Amino acid sequence: MARKKGRDISGWLIVDKPAGIGSTDVVGRVRWALDAKKAGHAGTLDPDATGVLAVALGEATKTVPILTEALKSYEFTVIWGAETTTDDASGEVLDRSDARPDAAAIEAALPQFQGDIMQVPPAFSAVKLDGARAYDLAREGERPQLAARPLFVDELSLLATDQGTATLRMVCGKGGYVRSIARDLGRSLGCLGHVAQLRRIWSGPFDVEDAVPFDLIDRANQAELEQRLLPLTAALTDLPELRATDQGAARILNGNPGQVLGHAQFGQEVWVSHDGRALCLGRYLGGEVQPDRVFNLPLPGGSEG
């Protein structure tokens with residue numbers, strides 16, 4: 001059997017994605033630069049968007065679902081007066097309006113887009129409709145009729161407004177589309193609107209201030225990039241950590257329920273460690289954890305477990 005290419009390297013590299021490159025392309029560049037066997041990302045950014053893109057390597061890819069569920073913060077600028085096919089500046093104009101809202105009108109409209117809302121994704125999105133991606137249908141000239149989806153918006157606030165534009169901050173849960181917020185807000189205000197600029201400020205525990213500039217990925221050597229890697233456990237800060245006993249650790253590494261020390265709510269998702277090494281994600285069953293995803297990490301000191 002042919003040997004898999006790449007190194008067994010695990011952790012998170014937080015990248016400040018520039019405009020003009022897709023999220024998958026960023027992951028590919030990171031994987032190449034670190035010669036990693038496996039890589040993925042937690043939350044797509046549109047090609048024209050910038051900011052935090054969390055790239056998971058190796059065993060950290062098993063924690064991607066945790067980060068996907070976490071809150072994320074965006075700052076974005078809306079241009080009033082036009083609605084586009086893509087709900088951002090890259091699309092063709094569908095309709096125009098001469099109306100321009102003032103700050104008071106914008107502030108008054110924001111509460112309807114906060115809390116638990118229903119949101120229709122943009123026509124140009126990766127949502128599947130009858131087995132096809134919405135953006136593929138849209139590129140063929142169709143206007144896919146996408147169903148509204150639930151979204152939790154923790155914050156939507158006005159940061160600044162100028163003639164014809166407004167800059168806002170949104171903190172939301174999984175599956176939120178800033179472009180849809182701009183579109184729907186423009187419709188609500190009767191002026192139409194689309195996103196001109198979009199930047200993800202933070203994603204779960206990862207902040208753009210701690211991100212690696214994208215151009216560093218090509219300039220730095222492997223050792224320099226590895227120094228910027230965060231441990232797999234950096235994505236697990238919102239989960240309780242329980243510690244396995246020696247016997248429990250052995251059972252957990254074989255995929256069986258194992259004894260742990262510490263407390264959590266029965267059935268709660270937790271992560272388990274032993275002697276400084278992350279063992280698994282799993283469910284707390286009262287004195288034991290049933291592992292869902294076991295981490296195949298080396299023992300402290302470099303030996304394999």
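Just so you know, these numbers come straight off a predicted model, no measurement behind them.
- A donor-acceptor pair is defined here as one N or O able to donate and one able to accept, closer than 3.5 Å; such a pair exists between the side chain of Arg200 and the backbone of Val52.
- Within 6.0 Å of the CD atom in Gln197, the count of heavy atoms belonging to other residues, nucleotides or ligands does not exceed 12.
- Looking at every heavy atom in both residues, Leu53 comes nearest to Gly43 through CD1-O, 3.4 Å.
- Residue pairs meeting the salt bridge (charged side-chain N to carboxylate O under 4.0 Å, His left out) criterion with at least one member in residues 86-103, sequence neighbours excluded: Asp87-Arg183.
- Within the model, atoms CD of Glu59 and CG of Leu297 stand 5.5 Å from one another, a figure rounded to the nearest 0.5 Å.
- Closest non-hydrogen pair, His41 versus Ser23, comes out as NE2-CB, 3.9 Å.
- With hydrogens and angles disregarded, a donor-acceptor distance shorter than 3.5 Å links the side chain of Lys72 to the backbone of Ala70.
- Closest approach of Leu57 to Ala39, counting heavy atoms only: CD2-CB, 3.6 Å.
- Paired with Arg179 under the rule side chain to side chain donor-acceptor pair (under 3.5 Å), one option of Asp184, Asp46, Thr84 passes, and it is Asp46.
- If you chain together hydrophobic residues whose side chains sit under 4.5 Å apart, Leu94 and Val120 never meet in one group.
- Summarising the local packing, CG of Asp25 is surrounded by more than 12 heavy atoms from other residues, nucleotides or ligands at distances under 6.0 Å.
- Although no hydrogens or angles enter the test, the distance criterion places a donor-acceptor pair under 3.5 Å between the side chain of Asn221 and the main chain of Ala223.
- Side-chain atoms of His274 and Leu253, non-hydrogen and from C-beta on, never get closer than 4.5 Å to each other.
- The two atoms that bring Thr50 and Leu45 nearest to each other are O-CD1, 3.7 Å, heavy atoms only.
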Discussion item. Please evaluate residues Glu224 and Arg219 with respect to the criterion salt bridge (Lys or Arg N to Asp or Glu O under 4.0 Å), reporting the C-alpha separation (whole Å), side-chain torsions for both, the decisive distance (0.1 Å), and the verdict.
Written reply: CA-CA 10 Å; Glu224 290 172 324; Arg219 290 188 289 106; over 6 Å; no
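- Contact check for Arg149 versus Gln119: no side-chain heavy atoms found under the 4.5 Å cut-off.
- Between Leu110 and Leu185 there is a side-chain heavy-atom pair separated by less than 4.5 Å.
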Worksheet entry | side-chain contact (heavy atoms from CB on, under 4.5 Å) assessment of Val178 paired with Met170 | CA-CA 8 Å; Val178 173; Met170 181 169 78; 3.6 Å; yes
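- Here Leu71 contributes atom CG and Cys172 contributes atom SG; the two are 7.5 Å apart, rounded to the nearest 0.5 Å.
- Between Ser188 and Gln112, the shortest heavy-atom contact is OG-NE2, 2.8 Å.
- Both Val64 and Leu230 belong to a common hydrophobic cluster when Ile, Leu, Val, Met, Phe, Trp and Tyr are linked at side-chain heavy-atom distances under 4.5 angstrom.
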Practice prompt. Could you walk me through whether Asp292 and Lys62 pass salt bridge (Lys or Arg N to Asp or Glu O under 4.0 Å), step by step?
Written response: CA-CA 10 Å; Asp292 294 326; Lys62 295 177 180 178; over 6 Å; no
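- Between the side chain of Ser203 and the backbone N or O of Asp207 there is no donor-acceptor pair closer than 3.5 Å.
- Side-chain contact of Gln247 with Thr245: a donor-acceptor pair under 3.5 Å is absent, judged by distance alone.
- Pairs of residues two or more places apart, or lying in two chains, that qualify as ring pair (Phe, Tyr, Trp, His ring centres under 6.0 Å) and include a residue from residues 192-250 are Trp12-Phe206.
- Side-chain N or O atoms of Lys17 include one that pairs as donor or acceptor with a backbone N or O of Pro47 at under 3.5 Å.
- Ion pairing of Lys174 with Glu69 is present here, as a side-chain N (NZ or NE/NH1/NH2) and a carboxylate O approach within less than 4.0 Å.
- Considering only heavy atoms from C-beta on, Asp48 stays 4.5 Å or farther from Leu198 through its side chain.
- Separating the CZ atom in Arg277 from the OG1 atom in Thr233 is a distance of 13.5 Å, to the nearest 0.5 Å.
- Taking both residues in full, the closest heavy atoms of Val270 and Ala264 are given as CG1-CB, 3.8 Å, listed atom of the first, atom of the second, then distance.
- Side-chain atoms of Pro291 and Val272, non-hydrogen and from C-beta on, never get closer than 4.5 Å to each other.
- Looking at Leu189 and Trp80, their side chains come closer than 4.5 Å, going by heavy atoms from C-beta outward.
- Under the 4.5 Å side-chain heavy-atom criterion for grouping Ile, Leu, Val, Met, Phe, Trp and Tyr, Phe113 is connected to Val78 within one hydrophobic cluster.
- Within the 4.5 Å cutoff, no side-chain heavy atoms of Trp271 are placed close to those of Val289.
- Side-chain contact check for Ile14 versus Asp210: every heavy-atom pair is 4.5 Å or farther apart.
- Clustering ILVMFWY residues whenever any of their side-chain heavy atoms sit less than 4.5 angstrom apart, transitively, puts Val15 in the very cluster that holds Leu229.
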Practice prompt. Given side-chain contact (heavy atoms from CB on, under 4.5 Å), test Ser10 with Phe295 step by step and report yes or no.
Written response: CA-CA 10 Å; Ser10 295; Phe295 303 130; over 6 Å; no
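- Residues Leu158 and Ile117 share a hydrophobic cluster, clusters being chains of Ile/Leu/Val/Met/Phe/Trp/Tyr side chains in contact below 4.5 Å.
- Remark: the backbone N or O of Asp218 is not paired with any side-chain donor or acceptor of Arg29 at under 3.5 angstrom.
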Item to complete: Would you sort out whether Arg199 and Val208 count as a side-chain contact (heavy atoms from CB on, under 4.5 Å), showing the intermediate values?
Response: CA-CA 9 Å; Arg199 184 163 176 78; Val208 73; 3.3 Å; yes
Fill in: From CA spacing to verdict: side-chain contact (heavy atoms from CB on, under 4.5 Å), Arg228, Leu216
CA-CA 11 Å; Arg228 301 296 294 268; Leu216 182 66; 3.8 Å; yes
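- Looking only at distances, a side-chain donor or acceptor of Arg251 sits under 3.5 Å from a matching main-chain atom of Pro257.
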